[in-house]
A.B. asks: 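Quick one: this structure, given as structure tokens, is what I'll be asking you about.
Since this is a predicted model, take the numbers as computed values, not measurements. As the structure lists them, so they are numbered: ligands from 1, and atoms in each ligand from 1.
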Amino acid sequence: MNEFHWIERYFAPLAGEEGLQLKDDAALLSPLPGKDWVITQDSLTAGIHFFADDSPAMIAQKALRVNLSDLAAKGASAKGYFLSCLLPADTQEAWVAEFARGLEQDQQRYHVKLWGGDTSRITGHGITLTITALGTVDKGKMLRRQGAKPGDILYCTGTIGDAHLGLKARKEKPNDQDLLQQRYLLPQPCTTFGTQLAGVASAALDISDGLLQDAGHLAHQSKLTLEIDAHAVPLSSAAQNWLDKNKENPVSLFYGGDDYQILFTAPKKLETHLMQLAAETQTSLCSVGIAKQGPAQVILSDAEGNKINCEQAGWQHF
Ligand code: ADP
Ligand code: MG
């Protein structure tokens, strides 16, 4: 079995029109009048972003979803993606079949198609997957990290810290029925809500490397202070139970990665509109703080009212 067979049998059925059935060297995209293309890329490596023995379908879905999360945070509607697979020499066909099945499920869930990619052998065992995802947004409306204004409210979707705790639990005792571990294995990007934020939010990004670190990026690019109220940060009941049991401070969760929620700012007067959008898209949404004139930094108020400066904290590769 060779990669041409895998491409034809497993990847070509996933191809959208732009991918020319994966029968050519390249994909073909036409400009869309009135729209901008928004393009993002994330790589996932076994041992860093997932475990090599995770289900191939879930690995595929995580690789796609982390990219869809970036597009959602930019207000873009995902359309297609390119997939680079670097696979160990001993990869079995059954693994590729399961991997493609995972992609197919998510293509239907998120309305995206495969437009091309590359398949190659890697030395060693670290499966490495790179996805480049493309989405569209009305011209000039892509949400940026810059653009927050003093007085804007800071919002966060979903809950924070579940995947971080899921990873801890996964290392101790793998169990894909465990809710927290599921959140680590399979991010739930806020795609429908994200697309509604274009033209509404003043600045946005996806939280992938820790709430506090990512808030720091927003503060720096928007050149202002973000004050986050630790109490207001939404936690799932599973995460809250874990904190109670382990007598840990919730702040420990704000440094963990893999949340794939959207952090954004918007003028106060849009609060009712935002809550309505959230309800319509079944998205949980909380205001977690405020943007203020001041140095580019994040300040966290903890339960005792202490203020901690914490912009540098979070996942870093190097
Ligand atoms: P090349 O020799 O130019 O690298 P390939 O044989 O790798 O060409 O690719 C042939 C076609 O298959 C192209 O359209 C390419 O985009 C597609 N393709 C290859 N690998 C993948 C993959 N992992 N996912 C999606 N499409 C792929
Ligand atoms: Mg190739």
A.B. asks: For ligand 1, which atoms sit closer than 4.0 Å to a heavy atom of D24?
C.D. replies: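 Selected atoms, number and element: 10 (C), 11 (C), 13 (C), 14 (O).
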A.B. asks: Do G19 and ligand 1 have an N or O pair less than 3.5 Å apart?
C.D. replies: no
A.B. asks: With heavy-atom distances below 4.0 Å as the criterion, list the atoms of ligand 1 near D25.
C.D. replies: 3 (O)
A.B. asks: For ligand 1, find out whether one of its N or O atoms is nearer than 3.5 Å to an N or O atom of D118.
C.D. replies: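 There is such a contact, yes.
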A.B. asks: Check contact between W115 and ligand 1, using heavy atoms of the residue and a distance below 4.0 angstrom.
C.D. replies: no
A.B. asks: Which atom pairs, one a donor and one an acceptor, fall under 3.5 Å between side chains of residues 155-162 and the rest of the protein, sequence neighbours left out?
C.D. replies:
residue: T157; atom: OG1; partner: Q261; partner atom: OE1; Å: 2.7
residue: T157; atom: OG1; partner: I262; partner atom: N; Å: 2.9
residue: T159; atom: OG1; partner: D162; partner atom: OD2; Å: 2.5
residue: T159; atom: OG1; partner: R183; partner atom: NH1; Å: 3.4
residue: D162; atom: OD1; partner: S236; partner atom: OG; Å: 2.5
residue: D162; atom: OD2; partner: R183; partner atom: NH1; Å: 2.9

A.B. asks: Are D178 and R170 ion-paired here, with the side-chain N under 4.0 Å from a carboxylate O?
C.D. replies: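 No, no charged N to carboxylate O under 4.0 Å.
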A.B. asks: Output the list of atoms in ligand 1 that are nearer than 4.0 Å to some heavy atom of F4, sorted by atom number.
C.D. replies: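 By the 4.0 Å cutoff, the relevant atoms are 6 (O).
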A.B. asks: Could you tell me, atom by atom, which parts of ligand 1 come under 4.0 Å of a heavy atom of G116?
C.D. replies: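 The atoms of ligand 1 under 4.0 Å from a heavy atom of G116 are 16 (O), 24 (N), 25 (C), 26 (N), 27 (C).
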A.B. asks: Salt bridge or not for R9 and E93, using N-O below 4.0 Å?
C.D. replies: yes
A.B. asks: Against heavy atoms of I7, which atoms of ligand 1 measure under 4.0 Å?
C.D. replies: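 The list of qualifying atoms is 12 (O), 19 (C), 20 (N).
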A.B. asks: When you compare the side chain of L274 with that of L285, does any pair of heavy atoms fall below 4.5 Å?
C.D. replies: yes
A.B. asks: Within the 4.0 Å heavy-atom shell around C85, which atoms of ligand 1 are there?
C.D. replies: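 Checking each atom against C85, I get 23 (N).
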A.B. asks: Answer yes or no: does an N/O atom from T119 fall short of 3.5 Å to an N/O atom of ligand 1?
C.D. replies: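 Yes - when backbone and side-chain N and O of T119 are compared with those of ligand 1, one distance drops under 3.5 Å.
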A.B. asks: Quick one: does K74's side chain have a donor or acceptor within less than 3.5 Å of a partner on L143's backbone?
C.D. replies: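 Answer holds: yes.
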A.B. asks: Hey, what do you get for CG (L180) to CG (L165), rounding to the nearest 0.5 Å?
C.D. replies: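 CG of L165 is found 5.5 Å from CG of L180.
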A.B. asks: Given side-chain hydrogen bond (donor to acceptor under 3.5 Å, both in side chains), test S77 with T195 step by step and report yes or no.
C.D. replies: CA-CA 6 Å; S77 163; T195 57; over 6 Å; no
A.B. asks: Salt bridge (charged side-chain N to carboxylate O under 4.0 Å, His left out): which pairs involve residues 280-292, sequence neighbours left out?
C.D. replies: E227-K292
A.B. asks: Polar contacts were defined as any N/O atom of the residue lying under 3.5 Å from an N/O atom of the ligand; does this apply to G117 and ligand 1?
C.D. replies: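 Looking only at distances, the answer is yes, because the N/O contact criterion of under 3.5 Å is met.
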